[in-house]
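Below is one structure, written out as structure tokens, with a few remarks after it.
The sequence lines fix the lettering, A, B, ..., with proteins before strands; numbering per chain opens at 1.
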Number of protein chains: 2
Amino acid sequence: MSEETFNIDKNKTFSTWYDTILEKADLVDLRYDVKGFVIYKPWMMIPLREIARLFEVALEEKGHRPVLFPTVIPEKNLRKEKEHVKGFEPEVFWVTHGGKKKLEEKLALRPTSETAIYPMFRYWIQGYSDLPIKIYQNCSVFRFDTKATRALIRAREFHWIEAHDAFATEEEARKQVEEDMEITKKVLYEKLGIPFLFFERPPWDKFKGAVSTFAADALMPDGKVIQLPSTHLLGQNFAKVFNIRYLKKDGSYGYVYQTCYGPAYSRIFAALISIHGDNNGLIFPFEIAPIQVIIVPIFYNKKEFEIVVRKCEMIRDMLVRNGIRAEIDLTEKTPGAKYYFWEMKGVPIRIEIGTKEVEEHSCIVFRRDLRTRDKIDDSQLLASIKMIASDILENLRNRAEKFLQENIREVSDLAALKRVIEEKGGFVKILFCMREECADKIKEVCSAEVRGKILGSKDKVEGNCAVCGKKAREVVYVAKAY
Amino acid sequence: MSEETFNIDKNKTFSTWYDTILEKADLVDLRYDVKGFVIYKPWMMIPLREIARLFEVALEEKGHRPVLFPTVIPEKNLRKEKEHVKGFEPEVFWVTHGGKKKLEEKLALRPTSETAIYPMFRYWIQGYSDLPIKIYQNCSVFRFDTKATRALIRAREFHWIEAHDAFATEEEARKQVEEDMEITKKVLYEKLGIPFLFFERPPWDKFKGAVSTFAADALMPDGKVIQLPSTHLLGQNFAKVFNIRYLKKDGSYGYVYQTCYGPAYSRIFAALISIHGDNNGLIFPFEIAPIQVIIVPIFYNKKEFEIVVRKCEMIRDMLVRNGIRAEIDLTEKTPGAKYYFWEMKGVPIRIEIGTKEVEEHSCIVFRRDLRTRDKIDDSQLLASIKMIASDILENLRNRAEKFLQENIREVSDLAALKRVIEEKGGFVKILFCMREECADKIKEVCSAEVRGKILGSKDKVEGNCAVCGKKAREVVYVAKAY
């Protein structure tokens, strides 16, 4: 590995790029003995938990508090909300035995935790002063997905944060949905540089049991979209089923209004590496990189080695003292092989130090996103690194934003839709009647889905449905999706 | 709740104390619909993740790297190591169905992850340069324990960190066991103030599949001991079963030597609150407390309220800026009710501020462990809090250490052992022949267990077994255990 260069055209052969980088960068191991379950390796674990932490911090800033519910849900609870169970039942893993003993009641491995948590809300919520409740948990969920699995993107066990909130009024619940979107923007766009469009899903594509579903779709390099966090207005549907009522100030009882929000961070990680990587491998935003600065010593004999490594260690120690994950590569590879290796691994900044740099009190600083090198004075190093770190994030975000914007197109009939979806991919705007049979027609003809209407869109709805020709009710976006 | 005082004699009625504080302090909810599974609430979650973080940091400092394996283990892997599966089989939860479909192979919810991880070691380890491997994961594990469950102490799902290491030589593996003990000491004793004794377990009480098992036993207020982290020398047992071999420098192949280490931090949390709490409720060490400093304003009218709260906010902001979890209690309760409430919740430091404190540029600082109050100048506040924080930890540790030492006794025959175990509890030292039938006799007569011999003990083995009178081979400690 160490001597090879990674060179795969990400946009033209994304599938190969993705499968290869997962293995070469040692992010996951796919050889686990159960289909759809993969092993997360250290190079993935560090960014993964940084992403989870970003969501946790953002949620706690907005008043959410951490909890942890059991992994198993009793069958009778899962079955209470009819729509909900219908949606999830085909995908539930069932625990039926403890030791050799058959359990009295089957237990579901949580596919999502509404039916674990809401029976408790009934106990926790008595009067108006108990509201709002805003909680979240960081856990893994399990879905016996019968479609083809794909590591991190469509997995049978994946990792997410799920927030569950209850309010006295519908207005507060709707505000929470907006807050969830703000959190999504703050983490995905601002911190991770992942641009997305926020859709209200059409009624037939809602979360099962919800009044409405809002979801962030990002665009993958192959032109397919990927759903990232979604937030659901549950209204009083679950409250009525689980009898979650509260005593109002006026002495009457009311059902609570609920929302839930689920950033699946293992999937976000998959989108992150796919969107930011390039033909040379991964590119991590600085904040979440497993190693943020890799230092490569350059020397030609033992005497040079000592002088150079001494400086490398000083620089490394200075960076670590300042909270930066910095390491020196002291392996026996050539400098060139080290460069390729760490570029492939996505380390955002590389420092090269040879005897010249020792003499001149400077370093060569390489930034992974632009692949440019600059000489920086030692006295300016820390400040430069901080500046480059924020500049890398901005550049990654801009690049991804440009790609997303260039891949939003508009058509007016089904034939054009099919052509654009097949030839270009991306999002395609159409006028739409909002009937499920027309969505089915699109799926049949284009293998693409109606992702919904953009929230707060100012698109004018004038004309007829691109599919059936009847009067259009919305402007919607269509795309192939993971 | 808010107006009541918590006053339960912890040492005399520990069981009542424990059950009551879990509920009153809102640490867990026991009303989940599946026996042996509980809900972790926010007041528990923050210290819990701080404890996990302490172990993660300590493990990473020693070169362990994070991974995450699937929650499920295929039946055939679990069955490979015969001793191991015999030990765990009665306790395994089995997943048998996905949706309505019967799975081709049953999947175990991991009771521990040796049989998930070691098949992968076979791929990861080829030559000597791949060694050592030192990894850990933070996850939940599942055991269909047929004994009575007890929240956090004996649960069917609990949370732990498990480290799994592989080495070229037995010597390195033995050193790792020592390193695991150092980590245990660093976190439990130094950071959490929990004293313990480290035992080598007798052969019949080893981890199933291990060569030897070493475990930390702490002493609970009722005189029963609780096993905290254990570390296992696995030798080549698993390596032979899973065929984990490496190419040595001399061209021959050898099996690796393995160790594993499992700090169950949900159980450590239970021990922590039990050991440090007092008759007034919880006492958290400062570093892991959910709220580290609670500020209570004292005022008698609206004008005073404004002046006092302004100062409270300034103090709170100053503390938060310095990385301290500080909050102001602005509820409508009386100051006295607030005091009792936060004392019961275990907040280590309380600051009381009234008009007098505003005028005198000072605060009243109350420390929870000693329940003493001192007037501190505002200019000295931050330094004082830091000093008190470290002093609280030292005091809690010393108190617990004294209790542990006072409860180590020595007897020379079975009748005396039975009497001391029943009347005093704690650890009882005896001379012992190291035969399992004598251990069984102790269990039968005293309902107590041979916990093993102390590592590095200088006790002289002179005399006869306290049970059978035959020649003694070791000095061992006996105790009732959770």
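- Heavy-atom neighbours of B/Arg325 CZ from other residues, nucleotides or ligands within 6.0 Å: above the threshold of 12.
- Here the side chains of A/Pro70 and B/Ile39 are in contact, with some heavy-atom distance below 4.5 Å.
- A/Asp29 and B/Trp124 get closest at one heavy-atom pair: OD2-NE1, 2.8 Å.
- Counting heavy-atom pairs closer than 4.5 Å to chain B, the top-ranked of the candidates A/Leu103, A/Val28, A/Ile46, A/Ile117 is A/Leu103.
- The closest side-chain heavy-atom distance from B/Tyr32 to A/Pro74 is below 4.5 Å.
- Contacts of A/Leu48 with chain B are absent, with no heavy-atom separation under 4.5 Å from either backbone or side chain.
- Within the 4.5 angstrom heavy-atom criterion, only side-chain atoms of A/Leu107, from C-beta onward, approach chain B.
- Not counting sequence neighbours, A/Lys102 has no partner by the salt bridge (Lys or Arg N to Asp or Glu O under 4.0 Å) test.
- Contact annotation for A/Phe144: only side-chain heavy atoms (C-beta onward) come within less than 4.5 Å of a heavy atom of chain B.
- Interface remark: A/Ala155 contributes no atoms to any contact with chain B (heavy atom separation under 4.5 Å).
- Within 6.0 Å of NZ in B/Lys35 there are more than 12 heavy atoms belonging to other residues, nucleotides or ligands.
- Within the 4.5 angstrom heavy-atom criterion, only side-chain atoms of B/Lys101, from C-beta onward, approach chain A.
- Between chain A and the options B/Phe88, B/Trp43, B/Phe93, heavy-atom pairs under 4.5 Å are most frequent for B/Phe93.
- Both the backbone and the side chain of A/Ile73 come within less than 4.5 Å of a heavy atom in chain B.
- Taking the side chain as every heavy atom from C-beta outward, A/Val72 and B/Glu157 never approach each other to under 4.5 Å.
- More than 12 heavy-atom neighbours from other residues, nucleotides or ligands sit within 6.0 angstrom of CZ on A/Arg79.
- Using a 4.5 Å heavy-atom cutoff, the side chains of B/Phe142 and A/Val95 are not in contact.
- Minimum heavy-atom separation, A/Pro66 to B/Met45: O-CG, 3.4 Å.
- Chain A forms the most heavy-atom pairs under 4.5 Å with one residue out of B/Glu91, B/Arg143, B/Met44, B/His97, and that residue is B/His97.
- If you measure heavy-atom distances from A/Val38 to chain B, the contacts under 4.5 Å come from the backbone alone.
- Residues in residues 113-137 of chain B take part in these salt bridge (charged side-chain N to carboxylate O under 4.0 Å, His left out) pairs, two or more places apart or across chains: B/Lys134-B/Glu179.
- Per-residue heavy-atom pair counts under 4.5 Å with chain B were compared for A/Gly98, A/Pro90, A/Ser140, and the maximum is reached by A/Gly98.
- Heavy atoms of A/Tyr136 lying under 4.5 Å from chain B belong exclusively to its side chain.
- Of all the listed residues (A/Met120, A/Glu105, A/Glu89), the one sharing the greatest number of non-hydrogen pairs under 4.5 Å with chain B is A/Met120.
- Between A/Lys76 and B/Asp33, the closest side-chain pair of non-hydrogen atoms falls below 4.5 Å.
- Rounding to the nearest 0.5 Å gives a distance of 8.5 Å between NZ of A/Lys41 and CD1 of B/Ile135.
- Using a 4.0 Å cut-off between a side-chain N of Lys or Arg and a carboxylate O of Asp or Glu, B/Glu60 and A/Arg49 qualify as a salt bridge.
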